Protein chains: 2
Amino acid sequence: MAVKRSMSSGSITINDIAKMLGISKSTVSRALSEHSDVNAETRHKVLELARKLNYTPNALALNLKQQRTNTIGVLIPETVNRFFAKAIGGIQRVANLAGYNVMICQSDESFVTERSNLRSLLTAHVDGVLVSVSAETDRTDHFQILLDKNIPVVFFDRITEELNTSRVYTDNYEIAFEGTEHLISQGCQRIAIVAGPQNLYNSRYRLKGYMDALRKHNLPVKENYIVQSHFRGGTVEDYTRQLINLPQRPDAIFAINDFAAIEMMHVIKKNGLRIPQDIAILGFNNETICRFVEPALTSIDMSAYDMGSEAAALLLDQIKGNRDPQLRLIKSRLVIRESTHLKG
Amino acid sequence: MAVKRSMSSGSITINDIAKMLGISKSTVSRALSEHSDVNAETRHKVLELARKLNYTPNALALNLKQQRTNTIGVLIPETVNRFFAKAIGGIQRVANLAGYNVMICQSDESFVTERSNLRSLLTAHVDGVLVSVSAETDRTDHFQILLDKNIPVVFFDRITEELNTSRVYTDNYEIAFEGTEHLISQGCQRIAIVAGPQNLYNSRYRLKGYMDALRKHNLPVKENYIVQSHFRGGTVEDYTRQLINLPQRPDAIFAINDFAAIEMMHVIKKNGLRIPQDIAILGFNNETICRFVEPALTSIDMSAYDMGSEAAALLLDQIKGNRDPQLRLIKSRLVIRESTHLKG
DNA sequence: ATGAAAGCGCTAACAG
DNA sequence: CTGTTAGCGCTTTCAT
């Protein structure tokens, strides 16, 4: 018997199988679904033929029927940001194991793009969304649309506390506190910090941790030791110069990330200062490269992969079971190397 | 009048609009489609109401009807590989502007995962696929399924020449030749290379360019100056030691990428050798960080973003117009810095 | 210019 | 255990 294919899609459908077997398509559907009651022999014939014809269910039909897509959306600032590149790894792993696809959008740190991405994900009918907000994002009403439509949202890393959603975050306050105390323990007294945009949860708490650590040790919190950065490149050299030219030059700088830290080290050395003797440097993210620059860079390890996989797991939980929002703290870890090593 | 919503999806459908206006859904569909003949007044009423109710067409229904998804699949080795992270940026930009979503899969450099990802993309009914093959991939029959189903495929960077598809690639041979000649011009005579897996197009041609440059200048091609690497971390220190402990120590190393190069520099300096005086180092990818390591790293700029956007553009061309496969060469560029600067 | 009806591929309620 | 029917939301003939 010649294999007759339905015209349009070029793929085998349950209709094809039904006709070839002289049964109804509902029976085929049941036989394929493995849990409905179907005569053993019929089932066998169906499965056999399906296998032979290499039948695969048309996901588009299922999507329409069930109004879901087995796809989760991921909305992040940038894939070139290594933290997020790693987080994607964790997300994909968890999602794929559960049979979900992943649709990634980048806001490029822009609020407008973030909102527009959200609309795209909505249009694509993703079953849930993982979000890390852009550097510009200072409100969260655009996420309300998702919640109104009962689409689960999980924030990770750059989270918001304004919405009642699951969140995966790190102990920004504590780790910034610890990092600052470490600098103090090395004898640093004039500690500067490059702080991210204060609309971001992470940046706020890190700054707070830094300030509280100074206060605890009776060190002054000085305005001109606090630099605002917006993650945009091209400004590191500027603010580094600015800092090292202060009348009271800082003896330590807590950088916003490792790449900025390494660029700062470069500028500092070019200006004839030594690291860590003149200025100690503390980074953020613990990139592999920290071990290979000179001096090796002290940094904070964020478990990006784990944050991604944990966030994905929480999201899938909610998609499936409709559980209540959960919070997950993934602890960061201070990794001490030469760039802050002054004592002991 | 109370807004009545269809029960299931919670969203407004053309049926809702039709009922509220007392017309048929086909008329609504036509009015919305902007090009069919519809009475001006009727159209106006439909558009008005659609706007008021915030109507958006259900993409899942369209997908089923048209058997397409306005989604392109992207199959790459790893997002943590910065080349691909950047390429994704270019891909997304072009795709989003054209109204397409992007579904990303990572092979993690595994052939098996690559093949399995391909099946996922097929199941998701993506309209086309962008591919950069894994380090393990040494055959291409798994891509044939896509071509059989008339799903356009565009290879970029890690391409294959075995299939009749569009390709976006760089001038691996020429740039490796140029890089090697540059090292020779600086007086290097014993040039080692860290070569990638030889099943990869890029690795093969780069090695060839390196060898031909040596031959052109009557320098011997020596087996033990050619290191095989598989992109896996944790081996850089090993092969670097191996190279610098050769009886005839190389006076230059052409590295496989910048991060490997920087790690090599670290190992070399730890062993008391100077760069570039004892050993010159040439990287690949021209990461931002090349400027900030010491000495600043000579590297090869690959225009990752452009390769991504060009590949996406070719793919969309084919999805829409069904044009013939095209080839696009994106030239790489040698960026000379201190790590190879010996003369002039 | 508009409505009725069919169909994309699948599931599920209902009837037998 | 199985067939019939309806329906997910939309487009597109085919009538009128």
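In what follows, chains are A, B, ... by sequence order, proteins preceding strands, each numbered from 1. In this text, all values refer to a predicted model and were calculated from it rather than measured experimentally. The figures here come from the full heavy-atom set of this structure, side chains too, leaving out hydrogens, waters and symmetry mates.
In this structure, the side chain of B:Asn199 engages the main chain of B:Ala135 through a donor-acceptor pair within 3.5 Å.
Position along DNA chain C of the nearest nucleotide to B:Leu64 versus B:Thr27 favours B:Thr27 as the more 5'-ward residue. Looking at which nucleotide of DNA chain C each of B:Gln66 and B:Gly22 is closest to, the 5′-most match is held by B:Gly22. Residue A:Lys65 is the one, among A:Lys65 and B:Pro57, whose nearest nucleotide of DNA chain D lies closer to the 5' end (criterion: closest heavy atom).
For C:dG9, neither phosphate oxygen OP1 nor OP2 lies less than 4.0 angstrom from any side-chain nitrogen or oxygen of A:Thr13. In terms of phosphate contacts, B:Tyr55 brings a side-chain nitrogen or oxygen within less than 4.0 Å of OP1 or OP2 of D:dC10. Side-chain nitrogen and oxygen atoms of A:Ser29 include at least one within less than 4.0 Å of the OP1 or OP2 phosphate oxygen of C:dT11. In terms of phosphate contacts, B:Thr42 brings a side-chain nitrogen or oxygen within less than 4.0 Å of OP1 or OP2 of C:dT2.
Nearest nucleotide to the B:Leu62 side chain, out of D:dT11, C:dA4, C:dA1: D:dT11.
With rounding to whole Å, B:Gln67 atom CD is found 14 Å from D:dT12 atom P. Atom-to-atom, CG of B:Leu32 to P of D:dT12 comes out at 13 Å; the value is rounded to the nearest Å. Between the CZ atom of A:Arg68 and the P atom of D:dC8 there is a distance of 17 Å, given to the nearest Å. Taking atom NZ of B:Lys19 as the reference point, atom C1' of C:dG3 lies 15 Å away to the nearest angstrom. Atom CG in B:Asp16 sits roughly 8 Å away from atom P in D:dG9 (whole-Å rounding). Put simply, CG on A:Leu60 is 20 Å from P on C:dG7, counting in whole angstrom units. At whole-Å resolution of the value, CZ in A:Arg43 and P in D:dC1 are 9 Å apart.
Ion pairing between a basic and an acidic side chain is recognised when a charged N comes within 4.0 Å of a carboxylate O; A:Arg158 and A:Glu109 show such pairing. Salt-bridge check for A:Arg51 with A:Glu48: passed, with a basic side-chain N closer than 4.0 Å to an acidic carboxylate O.
Using the six-membered ring where Trp is involved, A:Phe156 and A:Phe83 have ring planes that are parallel, under 30° apart on the 30 and 60° scheme.
A:Asp37 comes within contact range of at least one nucleobase, with a heavy-atom separation under 4.0 Å. Residue-level contact check: B:Ile23 touches the backbone only, with heavy atoms under 4.0 Å from sugar-phosphate atoms and none from bases.
Tested against B:Ser166 for a side chain to side chain donor-acceptor pair (under 3.5 Å), the candidates B:Gln318, B:Arg323, B:Gln326 yield a single pass: B:Gln318.
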